[in-house]
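Written below as structure tokens is the structure these notes are about.
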There are 2 protein chains.
Amino acid sequence: MRIGDLAARTGVSVRALRYYEEQGLLKANRSGSGQRHYPESVVDRVDLIQMLYAAGLSSRTIAELLPCVEAKVSTPESRARLFAERDRIDAQIAGLTRTRDRLDAVIASTGSPASGCTYIADRDVAT
Amino acid sequence: MRIGDLAARTGVSVRALRYYEEQGLLKANRSGSGQRHYPESVVDRVDLIQMLYAAGLSSRTIAELLPCVEAKVSTPESRARLFAERDRIDAQIAGLTRTRDRLDAVIASTGSPASGCTYIADRDVAT
DNA sequence: CTTGCCTCTGACGTCAACGTCAGGTTCTAG
DNA sequence: CTAGAACCTGACGTTGACGTCAGAGGCAAG
């Protein structure tokens, strides 16, 4: 599997994949001419990397936690980092939930102004 | 209330407050000599701005939604934006929840290797 | 008055995760 | 064999939300 194929499979750009390698998140087997070749397994790894990036983790943190998540290998530091990131994500979820509820309240008040102005699509307001 | 006081009250830097004004998120009464003076009410406004920034909204989007959230004034576009951002935040919460659960699973497997994989994750899944 | 802190307006610096371009090599289809 | 897609390594550009510095002015206390 070459880098273009991996990019297509993961939806990540070729540039991003090379960047991940540069950051030590991804390793590639090189052919004689220097081209990168990947096994199927890296697809999951790239998905995981994207997942962690989306959760707000930095390259450095991801690099620290990847062996922990994939190979179940962990040092005391990485375990501490793991707990810290878990808690940070928890807090982030809590904050986002409050923000969403606030927006929902706004939607409820501007969307149906007391009387029957109901042409605004009837959405679920408080999950 | 001068800008330094507002910064202290909100935990936001002076630079950030000036930046908010530059982005049209905050207005200030100017004294004769050009110094900014704020009423008490802007404290809540700044908190709200921070909340929206934390939720991943851009200055432009916040500027569009602030009148909607504070004064309950909305145009069809801002209402559409409101719905879009609410849904985006919902999706973000869902993604973060999956990521957190994944980290919890890792914690469960690396954190207590002796007693078989018992899940730690009996946390509330953020409504 | 002057000391010292606060404020003002530019304007350049920063940082992360890439985008994009240049110039050159390699693989593949016909 | 040859065109053209895909790949390579630098290396500079981008974006957003500020940080930071420079130089100048404002404000209450002693």
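Here is how names work: the chains are called A, B, and so on, in the same order as the sequence lines, proteins then strands, and each is numbered from 1. Bear in mind the structure is a predicted one, so any value in this text is a computation, not a measurement.
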> Atom CG of A:L57 and atom P of C:dA16: how far apart are they, to the nearest Å?
Replying inline: 14 Å
> Could you give all pairs that pass the ring pair (Phe, Tyr, Trp, His ring centres under 6.0 Å) test and reach residues 60-80 of chain A, with sequence neighbours left out?
Replying inline: none
> B:Q23 and B:S59: which non-hydrogen atoms are nearest, and at how many Å?
Replying inline: OE1-CB, 3.6 Å
> Among all residues two or more places apart in sequence or in another chain, which pass the side chain to side chain donor-acceptor pair (under 3.5 Å) test with B:S58?
Replying inline: B:T61
> Within this structure, what is the CD-to-P distance between A:E22 and D:dC8, rounded to whole angstrom?
Replying inline: 13 Å
>> For residues 50-71 of chain A, which residue pairs pass the ring pair (Phe, Tyr, Trp, His ring centres under 6.0 Å) check, not counting sequence neighbours?
In response: A:Y20-A:Y53
Close N or O pairs between protein and nucleotides 23-26 of chain C (under 3.5 Å):
| unit_1 | atom_1 | unit_2 | atom_2 | d |
| --- | --- | --- | --- | --- |
| C:dT26 | O3' | A:S33 | OG | 3.4 |

>> As a test of understanding, state which of B:E21, B:R2, B:M1, B:K27 forms a side chain to side chain contact (heavy atoms under 4.5 Å, CB included) with B:R36.
In response: B:E21
> What integer distance in Å separates B:Y38:OH from C:dC6:P?
Replying inline: 16 Å
Pull out every protein N or O sitting under 3.5 Å from an N or O of nucleotides 9-13 of chain D, one pair per line with the distance.
| unit_1 | atom_1 | unit_2 | atom_2 | d |
| --- | --- | --- | --- | --- |
| D:dT9 | OP1 | A:R30 | NH1 | 3.1 |
| D:dT9 | OP1 | A:R30 | NH2 | 3.2 |
| D:dT9 | OP2 | A:R36 | NH1 | 3.1 |
| D:dT9 | OP2 | A:R36 | NH2 | 2.9 |

>> Suppose we screen for side chain to side chain donor-acceptor pair (under 3.5 Å). Which residues come up paired with A:E77, at least two apart in sequence or across chains?
In response: A:T75
> Which pair of heavy atoms, one from A:S74 and one from B:T110, lies closest together, and at what distance?
Replying inline: OG-CB, 3.9 Å
>> Rounded to whole Å, please give me the gap between CD in A:Q23 and P in C:dA16.
In response: 9 Å
>> Near DNA chain D, counting only heavy atoms under 4.0 Å, which residues of residues 46-54 of chain B show up?
In response: B:Y53
Listed pairs under 3.5 Å, donor-acceptor, residues 63-72 of chain B side chains, sequence neighbours left out:
| unit_1 | atom_1 | unit_2 | atom_2 | d |
| --- | --- | --- | --- | --- |
| B:E64 | OE1 | B:R81 | NH1 | 3.4 |
| B:E64 | OE1 | B:R81 | NH2 | 3.4 |
| B:E70 | OE1 | B:R45 | NH1 | 2.2 |

>> Holding to side chain to side chain donor-acceptor pair (under 3.5 Å), I want the full list of residues that pass it with B:S33, two or more places apart in sequence or in another chain.
In response: B:S31
>> Looking at D:dG19, I'd like to know if its phosphate oxygens (OP1 or OP2) sit under 4.0 Å from a side-chain N or O belonging to B:Y19.
In response: no
>> Testing the basics here: between B:L96 and A:A54, what is the closest heavy-atom pair and its distance to 0.1 Å?
In response: CD2-O, 4.4 Å
> Residues in ring pair (Phe, Tyr, Trp, His ring centres under 6.0 Å) with A:Y38, at least two apart?
Replying inline: none
> Just wondering, are more than 12 heavy atoms of other shown residues or ligands nearer than 6.0 Å to CZ in B:R88?
Replying inline: yes
What does the list of N/O pairs under 3.5 Å between the protein and nucleotides 28-30 of chain C look like, with a distance for each?
none

> In whole angstrom, what separates A:N29's CG from D:dC7's P?
Replying inline: 16 Å
> For D:dG16, does OP1 or OP2 lie under 4.0 Å from any side-chain N or O of B:S59?
Replying inline: no
>> Using a heavy-atom cut-off of 4.0 Å across all strands, would you classify A:S58 as base, sugar-phosphate, or nothing?
In response: sugar-phosphate
>> With ring pair (Phe, Tyr, Trp, His ring centres under 6.0 Å) as the rule and sequence neighbours excluded, what pairs involving residues 56-76 of chain A come up?
In response: none
> Between D:dC18 atom C1' and B:L25 atom CG, what is the distance in whole Å?
Replying inline: 13 Å
> Just how far, in rounded Å, is P of C:dA16 from CZ of A:R60?
Replying inline: 10 Å
> Can you name the nearest heavy-atom pair linking B:T99 to A:A55, along with the distance?
Replying inline: CG2-CB, 3.9 Å
>> What is the distance, to the nearest angstrom, from the NE2 atom on A:H37 to the C1' atom on C:dC27?
In response: 9 Å
